[in-house]
Structures are given as structure tokens and as C-alpha cells.
Amino acid sequence: MDNFYKDNPDLAFQFGHPLMHHIVGLKEADVADALENYDLVLEIVGDISANTIAPSAEEADHEGPALHNGRVSYARATAENHRILTQAGLYGMALPHEYNGLNFPMVPYVMAAEIVARADAGFSNIWGLQDCAETIREFGSEELKQEFLPRISRGATCSMDLTEPDAGSDLQAVMLKATWDESTGFWLLNGVKRFITNGDAQIQLILARSEEGSADGRGLSYFVHDQAWGGVRVRRIENKLGIKSSPTCELTFSNAPAKLIGERKLGLIKYTMSLMNGARLGVGAQSVGISEAAYREALKFAQERKQFGKPVLYFPAVAEMLDTIKAKLQASRALLYETARFTDMYKLTHLKQYQRLIDCYTPLLKFMAGEYANQNAYDGLQVHGGSGFMKDYPIERLFRDARITTIYEGTSQLQVVAAVKGVINGIFLSQIKEYQNNPVQSEYEPLKQLLLQMTDEYEQTLSLMQGIESDCLDFHARRLVEMAGHIIMGYLLLIDAQRDESFAYSAEFYIFNAQSQNRERACFIHSCLTTKPNFTKSKPLSLT
């Protein structure tokens, strides 16, 4: 039987990272036993993903969820996937044992998320929203933890209800009203939420305005609502381009009872930001899963499809596309698990140095992995030629599913706004210097020299940015973040190649391409700063 964990040696490689024993040792008394347990659980995830979720992905995509009397029903295949994963005990994976969870660190949990997303990116949203439990565990009262966390471990579905018709990226504009009701001892919620993934979930985390007369993020608090309490109805299910097996809903709240999580006024400032970091790590895993699926579909087709008497794999143009997909895939995965390790280290040690790294690496991951998932699905479809444009092959669904990864949980443009702080405050450069300290084998020295040259170019470009107007910095932010990302991902692949030579080709291919892309970005920035063209001004050209 197929197994999406066992057939991917890159995942086992990540478990062999030198930091993993330290991470597991901080969480469990018996490291060897814990690692064996993670391996066994991931083998179960890989088996179910390969033999149940993936074969039904097309059916779930075609049927989609349905709406009846304000309630959502999953597609038959989606409901069956949820039932099987619940029976297998694969919810509450990161929750402590005291809440009937598996007590997984982030690395193996993220690995499971990647595997499920490879099988069906739409369903991975439903399964992955178990991460809402972390917000309750970290910030909720003991009463809330006991009430909700064991239920999540038993498979209760979750959602995070943030966006509204007039509050998408700008969550400070959230207007869903929360009013304290002394007679019931509940907060009552009234208003509308929009674009809510898995919106008819049994347990909902909701951002709402609790402070009368407030108009910014300081008036927002965070709440938990149980579907059984009533008051929330699904107005409609959105008809989406992709991830169609997961329902995206518009919700109406009519005196919906809710309980406060943590303290008032910290809903956006503290709790939502923490939740979003976890969600963006999840989208990073989803993006890598989609890239993995796209690569395998493209490779399979290129091996089987013959033109002019030979498989198209042997045409240089097709081979280059496949090499590009694989290099971006492995670079994305390297960044994904580096970010997951930083997350584990912060959760287990609470050292601020890891918090600073998470704050910069998480948006970088979400940005780069999402963009690469789209590029890889695009190239994967191109490898299929005209066949890829038809619904006969999974690549068409992967192409549609990939598109959302650069949009939800903060668009690529918003990730750049968050990640550019790592450029400005020097965190990316400092970490790059750390990577430089890793010794390399002699055969890899030329690649390290290329990365050193790229770093010098990056530093020179940063020096040009000193003292420039904020509008100009904003204009070049994406280029600066991409330059840093290319160097970081290049180093991570080079470091991986020291431990396993199977990464050597991707490291070389990625670094060569990254060098040319960074040079292009540096040249563009230099030209703009020396010639001061009109298009760097904040006012759009269409308004001039």
C-alpha cells in the first residue's frame, strides 16, 4: 500500500535534524520512545492520506459542502475522511496528554499537516483548524480548557472567525458586537462574519468588539462559542475557485452566547496575532504539501507521456521545469521545518531570541512557500501540456487549490509588511551570519562563495536604503524580503546537503537561480534610488 510518509525520505531527514533530540528532550522524558511514537503516528497519517484522503479528493472537490436550513453538511468523502481521522485519534495532536492529546511538538505536527495537504489541500483546512486549541490552551482559563480541549482531541471541528464584509486584512475594523449579559453569564454576539473557513464548526473562536464606542484594535476581545448554544447561522457557502472540499461561509450572529478568552481588549493585539502565527505556519505546511503533490504529478506524467518517440522527461525544457519545481519544493520544506523548530524552541524555553525569529520567519515562510506552491502548480500543469487543462488529471485541482495560499491568513503583500521588519532590524542578516558559520565540505565551497557574494550584495543594497523615505522603503520591501529569503533558503539547502548528498542538486540549482534573481532585484533598487523615477511615489500613476 502507498504511504505519503514512508514514500518521502525528506520527511525522515527532517526528524534527523540535530536540534530534534533537544526539542523532544524538553517535552518528553524518554526521547527515543517519543521519536518512535511520532514515527508510528505519522505512518498512520501517511497511510490514511495515501489510501483514503487522496483517492477521494476529486470526489470531494466535485461534490463540495451543502447548505440546509443554516447548517453545513460536508461532502460524503470529506465527512468520511473526518470520521476516519477522528477514529485514528489524529485530532488534538499538539495538545498535552492531560487533555487527551498526543503532546506532539510542532515539527511532527506540521509534518502531519504537510502530508494531509498533499492528499487534499481543501480537507487539510478542516483537519488543520484543530490548531485553534492552542489559543484556548495558551490563553484560556482552566475552566475553558477542561470544557473544550478534550472535545477537540475527540474530533470536534473548529473555526477562527475573524474577517467581516468590511474588515478583511484590516482586522482593527471588526465590528461584530459583544455585549455582556448579566442574566445569563454569557457575552452575546451580534453581527456578520465573512470568508470563514469551516464556518459551521462546533467550536468557534471569534474576534468581536467588546468596548462600547471604540473604533480600533484596543476595543476587540476574543471569544469562544459552542455551536450547541445556538445563535449562529450560515447565510451562505462561498462558491470558490479551489479548496472546494472545505466550506467557506458567511455567518450571522443573533445574540449568540460566547465566553471570553483571556482578558478584554487583547483580542487582536495578543490572542489573534498568536493564532495567526500558528495559522501561517499551517499554510506554509499546506503550501509544501501542494508543491509535493504537484511535483509528483508532473514527474509521473513526464515519465509516462511520450512525444517524438521518447518520454517528455528527456526534453531539456521539461527537465528544467521539473528541476525548478523540486528545488523550490525542497527549499520551501527546509524553511518550513526551520520555522517549526524555532516555534518549538520558543514554546519550550520561552527565550525571546526564538520569539524574534518566529516573528520574522513565519511571514517569510508563508510568503515564499505560498508563492512557490503557485509557481510549482503552474509549472506542473505546464508539464502536462493540454492534458493538464482538463479535469482528467489531479494537477488541475492542485493548480486551483494553490491559488489561495498567497491570499488567506494574510496576503503575500501583508506577509512582506511583516517580514520586512526582519530586514530593517537585522534579524535576517544576523541569522544568515549564523548559517555562514557552518563548515562545508570542500566540494560545496563554491556554493558557499556564491551565498557569501549574495550576502555582500544584500548588505550593500541595505546600505543604500539608509535614510530613504518610508514610501520608498515600502515600494522595495518585497524585493528586499525576497533577497533575504533566497539567501536563507540557499543556506538551509546547503546545510542539508552536508548531511545528505541527495539535496546537493537542489542546493546547486536553487542557489544559481537565486543569485541571478537577487542581482536583478539589487539592480532595480539601485536604479530607482539613483534616478528617482515617478513610479516609486506613493500615489498610483493612474491618479497622477
Open item on the list: Using the rule given for side chain to side chain contact (heavy atoms under 4.5 Å, CB included), can you reason through Tyr408 versus Asn125, listing the C-alpha separation, both sets of side-chain angles and the distance that settles it, and then say yes or no?
Closed with: CA-CA 11 Å; Tyr408 63 5; Asn125 282 339; 3.2 Å; yes

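- With hydrogens and angles disregarded, no donor-acceptor distance shorter than 3.5 Å links the side chain of Ser287 to the backbone of Ala373.
- Using a cut-off of 4.0 Å between Lys/Arg side-chain N and Asp/Glu carboxylate O, Lys27 and Asp344 are scored as not salt-bridged.
- Checking side-chain atoms of Thr362 against main-chain N and O of Ile358 turns up a donor-acceptor pair under 3.5 Å.
- In this pair, His225 and Trp229 present their aromatic rings perpendicular. The plane angle is above 60°, beyond the 30 to 60° band.
- At least one side-chain heavy atom of Glu134 sits less than 4.5 Å from a side-chain heavy atom of Lys347.
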Task: Verdict with reasoning, Leu336 to Glu114, per side chain to side chain contact (heavy atoms under 4.5 Å, CB included) - done: CA-CA 10 Å; Leu336 170 64; Glu114 179 194 331; 4.1 Å; yes

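- For the pair Lys145 (side chain) and Arg137 (backbone), a donor-acceptor distance under 3.5 Å is present.
- Partner of Asp161 under the side-chain contact (heavy atoms from CB on, under 4.5 Å) criterion, out of Asn198, Leu207, Val232, Ile206: Ile206 alone.
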Open item on the list: Checking Asp323 against Tyr505 for the side-chain hydrogen bond (donor to acceptor under 3.5 Å, both in side chains) test, could you report, in this order, the C-alpha distance in whole Å, the side-chain angles of both residues, the deciding distance, and whether it holds?
Closed with: CA-CA 9 Å; Asp323 289 342; Tyr505 189 84; 2.9 Å; yes

TODO: Step by step, work out the side chain to side chain contact (heavy atoms under 4.5 Å, CB included) result for Gln436 and Leu452.
DONE: CA-CA 8 Å; Gln436 286 179 5; Leu452 290 171; 3.6 Å; yes

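- Looking at Arg499, its side chain never comes within 3.5 Å of a backbone N or O of Pro18 through a donor-acceptor pair.
- The aromatic rings of Phe301 and Tyr393 lie perpendicular to each other, with more than 60° between the two planes, well past the 30° mark.
- For the pair Gln130/Ser153, no side-chain contact is recorded, criterion being any heavy-atom separation below 4.5 Å from C-beta on.
- Around NZ of Lys326, the count of heavy atoms belonging to other residues, nucleotides or ligands within 6.0 Å does not exceed 12.
- Using a distance-only test at 3.5 Å, with no hydrogens or angles considered, a donor-acceptor pair links the side chain of Asn51 to the main chain of Asp47.
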Task: CA sep, side-chain torsions, deciding dist, call: Asn376, Ile290, side chain to side chain contact (heavy atoms under 4.5 Å, CB included) - done: CA-CA 8 Å; Asn376 288 343; Ile290 292 171; over 6 Å; no

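- Counted within 6.0 Å of CD on Glu501, heavy atoms from surrounding residues, nucleotides or ligands total 12 or fewer; the atom is thus considered open.
- Summarising the local packing, CD of Glu142 is surrounded by more than 12 heavy atoms from other residues, nucleotides or ligands at distances under 6.0 Å.
- Tyr109 and Trp127 have tilted rings, their planes meeting at an angle from 30° to 60° on a 0 to 90° scale.
- We find that Lys328 and Glu371 are not joined by a salt bridge, their nearest charged nitrogen and carboxylate oxygen being 4.0 Å or further apart.
- At least one side-chain heavy atom of Ser49 sits under 4.5 Å from a side-chain heavy atom of Val116.
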- [ ] Decide salt bridge (charged side-chain N to carboxylate O under 4.0 Å, His left out) for Arg76 and Glu63; before the verdict, give the C-alpha distance in whole Å, the side-chain angles of both, and the deciding distance to 0.1 Å.
- [x] CA-CA 8 Å; Arg76 185 210 63 81; Glu63 180 183 348; 5.5 Å; no

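- More than 12 heavy atoms of other residues, nucleotides or ligands lie within 6.0 Å of NE2 in His17, so this atom counts as buried by the packing criterion.
- The shortest distance between side-chain heavy atoms of Tyr491 and Ile488 does not fall below 4.5 Å.
- When atom types are taken as modelled, the side chain of Asp401 and the backbone of Gly242 share no donor-acceptor pair closer than 3.5 angstrom.
- Ion pairing between Arg397 and Glu58 holds under the 4.0 Å rule for side-chain N and carboxylate O.
- Ion pairing between Lys300 and Glu297 fails under the 4.0 Å rule for side-chain N and carboxylate O.
- Using a 4.0 Å cut-off between a side-chain N of Lys or Arg and a carboxylate O of Asp or Glu, Lys421 and Asp359 do not qualify as a salt bridge.
- Heavy atoms only, all atoms of each residue included: Ala279 and Met160 are closest at CB-CE, 3.5 Å.
- By the 4.5 Å heavy-atom criterion applied to side chains, Ser506 and Phe509 are not counted as neighbours.
- Of the possible polar contacts, one joining the Gln441 side chain to the Gln498 backbone as a donor-acceptor pair under 3.5 Å is found.
- Aromatic ring centres of Tyr458 and Phe428 lie farther apart than the 6.0 Å criterion allows.
- Using cut-offs of 30° and 60° for the angle between ring planes, the Tyr5 and Phe15 rings count as perpendicular.
- The shortest non-hydrogen separation linking Pro55 to Ala50 is CD-O, 3.3 Å.
- Below 30°, between 30° and 60°, or above 60°: for Phe139 and Tyr271 the angle between ring planes is between 30° and 60°, a tilted geometry.
- Within 6.0 Å of OH on Tyr378 lie no more than 12 heavy atoms contributed by other residues, nucleotides or ligands.
- A salt bridge links Glu292 with Arg296: at least one charged nitrogen is closer than 4.0 Å to a carboxylate oxygen.
- Between Ser56 and Ala77, the shortest heavy-atom distance links the atoms CB-CB, 3.6 Å.
- Considering OG1 of Thr343 and CE of Met106, their distance stands at 6.0 Å, rounded to 0.5 Å.
- Considering all non-hydrogen atoms of both residues, Ala298 and Ile325 come closest at CB-CD1, 4.4 Å.
- The two atoms that bring Leu329 and Ser291 nearest to each other are CD1-CB, 3.8 Å, heavy atoms only.
- Under the 4.5 Å side-chain criterion, counting only non-hydrogen atoms from C-beta, Leu260 is in contact with Ser221.
- Proximity of Thr406 to Asn374: side-chain heavy atoms (C-beta onward) are separated by under 4.5 Å at one or more points.
- In Glu445, the CD atom is crowded: over 12 heavy atoms of neighbouring residues, nucleotides or ligands sit closer than 6.0 Å.
- The closest side-chain heavy-atom distance from Tyr222 to Leu162 is below 4.5 Å.
- Without hydrogens or angle criteria, Thr272 side chain to Gly267 main chain gives a donor-acceptor distance under 3.5 Å.
- Ion pairing between a basic and an acidic side chain is recognised when a charged N comes within 4.0 Å of a carboxylate O; Lys270 and Glu263 show no such pairing.
- A 6.0 Å sphere centred on CZ of Phe399 holds no more than 12 heavy atoms belonging to other residues, nucleotides or ligands.
- Heavy atoms from other residues, nucleotides or ligands lying under 6.0 Å from CZ of Arg403 number 12 at most.
- Closest approach of Asp7 to Pro9, counting heavy atoms only: O-CD, 3.5 Å.
- Using a cutoff of 4.0 Å between basic side-chain nitrogens and carboxylate oxygens, Glu338 and Arg341 are scored as salt-bridged.
- Judged as a salt bridge (Lys or Arg N to Asp or Glu O under 4.0 Å), and not counting sequence neighbours, the contacts of Lys433 are Glu459.
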Open item on the list: I'd like to know whether Asn81 forms a side-chain hydrogen bond (donor to acceptor under 3.5 Å, both in side chains) with Thr52, so could you lay out the CA-CA distance, the side-chain angles of the two residues, the decisive distance to 0.1 Å, and finally the verdict.
Closed with: CA-CA 7 Å; Asn81 293 338; Thr52 300; 5.8 Å; no

TODO: Apply side-chain hydrogen bond (donor to acceptor under 3.5 Å, both in side chains) to the pair Glu43 and Asn3, showing each step before the final yes or no.
DONE: CA-CA 7 Å; Glu43 189 169 345; Asn3 189 298; 4.8 Å; no

